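The structure appears right after this line, and notes come after that.
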Amino acid sequence: YLLLKIANSSRSKIQTGIEAGAVKVNDQLIKSNYKVKPFDEISVSFSTPPRDNEVIPEDLPINIVYEDDDLMIINKEPGMVVHPAHGNWTGTLVNGLLYYCQNLPGNNNIRPGLVHRIDKDTSGLLVIAKSEFAMTYLAKQFFDHTIERTYYAILWGVPKELKGTLRGKITRHPKDRKIMYMLPEESEDGKLAITHYEVIESFGFCSFVKFNLETGRTHQIRVHMASLKLPLVGDSLYGGTPNALMPRQALHAEQLAFEHPMTHEKLAFKSALPQDFQDLLKAWSLSYNEKA
């Protein structure tokens, strides 16, 4: 039944997904020999289905902070695109990953091994799956919102509430397809996005903020902050002008924690703030303290 309903799938991929707990019928885990009945509600949380695009392996520098037989943790540098797409078919993280590890799951599509992604100018941690089972198991954790993700950003302005939660539906803008925008939570359009934030330090005209993501929507932090008219420094797409020390968007994926697909051990990783982040915070801290 699933083979007929899911484009570009395969029996082995579906079997692996069922074994990893990524398929439920009537909110219950099932075996692959389950016979579908009328009015069954089937939920599936597979990773991205295969595509026909060819990705060329390239010898690129990749910062691997952890690796075992099932997965890798990458500390991505700002400026590197995660996967090939229109205008960026070479020089991406995926091109480098395929040179380093040719047996990533989904080798016949443009996102082999990818369970999630971060924007080109965002720095920080990504988990890469090295097997089909690991990919499906990790994808299910993202689907269930059990992956722990912590980000840091520098905003133009300071939130009125120094700690809080933002909720709303995020969808692509109808007039500008490059950006996303936020709708009320009760809207029928878009996907629910939930962001928890806390101001770590305020400089009066800007702020250093910690974020914990409950969901992982495209541009989630950037859209939530823009909706409060508090865009990220350097995020010109959402109205955040750059600074000489931070020409890119000031966003860093600092922490990632999840359950290992095979050992079920809780793994947690941290990435130090990049130098441009540290330089800007230091400069503004000194400036703010001198004025105070």
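Worth saying up front: this structure is predicted, and the values here are computed from it rather than measured.
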Q) Angle class for the Y152/F208 ring planes (parallel below 30°, perpendicular above 60°, tilted otherwise)? A)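 Ring orientation, 0 to 90° scale: parallel.
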
Indicate the ring-plane relationship of W156 and F205, choosing parallel, tilted or perpendicular according to the 30° and 60° boundaries.
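The arrangement is tilted - the two ring planes meet at 30° to 60°.
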
Margin query: Any salt bridge linking K266 with E148? Criterion: basic side-chain nitrogen under 4.0 Å from a carboxylate oxygen.
Written below: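 Result for this pair is yes, salt bridge flagged.
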
*Check ion pair K130-E67 (N to O, under 4.0 angstrom)*: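 Salt bridge flag = yes for E67 with K130.
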
Distance check, rounded to the nearest 0.5 Å: [X] atom [atom1] versus [Y] atom [atom2]?
X: E19; Y: L29; atom1: CD; atom2: CG; answer: 12.5 Å
X: T171; Y: K191; atom1: OG1; atom2: NZ; answer: 9.0 Å
X: Y181; Y: D176; atom1: OH; atom2: CG; answer: 12.0 Å
X: D68; Y: L267; atom1: CG; atom2: CG; answer: 7.5 Å
X: T122; Y: R222; atom1: OG1; atom2: CZ; answer: 6.0 Å

Around atom [atom1] of [X], are there more than 12 heavy atoms of other residues, nucleotides or ligands at under 6.0 Å?
X: K178; atom1: NZ; value: no
X: Y99; atom1: OH; value: no
X: K169; atom1: NZ; value: yes

- Minimum side-chain heavy-atom gap T215-I170 below 4.5 Å: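 Sidechains of I170 and T215: no contact.
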
message = In the structure I gave you, are the side-chain heavy atoms of M225 and D235 within less than 4.5 Å of one another anywhere?
response =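 Not in contact.
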
Mind checking whether H224 and Y197 have ring centres under 6.0 Å apart?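 Centroid distance H224-Y197: not below 6.0 Å, so no.
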
Residue that, paired with R167, satisfies salt bridge (charged side-chain N to carboxylate O under 4.0 Å, His left out) out of E214, E185, E186:
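Only one of E214, E185, E186 forms a salt bridge (charged side-chain N to carboxylate O under 4.0 Å, His left out) with R167, namely E185.
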
_Using the rule given for side chain to side chain contact (heavy atoms under 4.5 Å, CB included), can you reason through V115 versus F258, listing the C-alpha separation, both sets of side-chain angles and the distance that settles it, and then say yes or no?_
CA-CA 12 Å; V115 188; F258 54 88; over 6 Å; no

Distance-only side-chain donor-acceptor flag, [X] / [Y], under 3.5 Å:
X: H83; Y: T92; answer: no
X: T195; Y: Q220; answer: yes
X: Y137; Y: D70; answer: no

Checklist entry - Out of V94, V81, L93, V82, which one pairs with R117 under the side-chain contact (heavy atoms from CB on, under 4.5 Å) rule? => result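 It is V82; the other options fail the test.
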
query = Any idea which heavy atoms bring P261 and L71 closest together, and the distance?
reply =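 Closest pair (atom of P261, atom of L71, distance): CD-CD2, 3.6 Å.
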
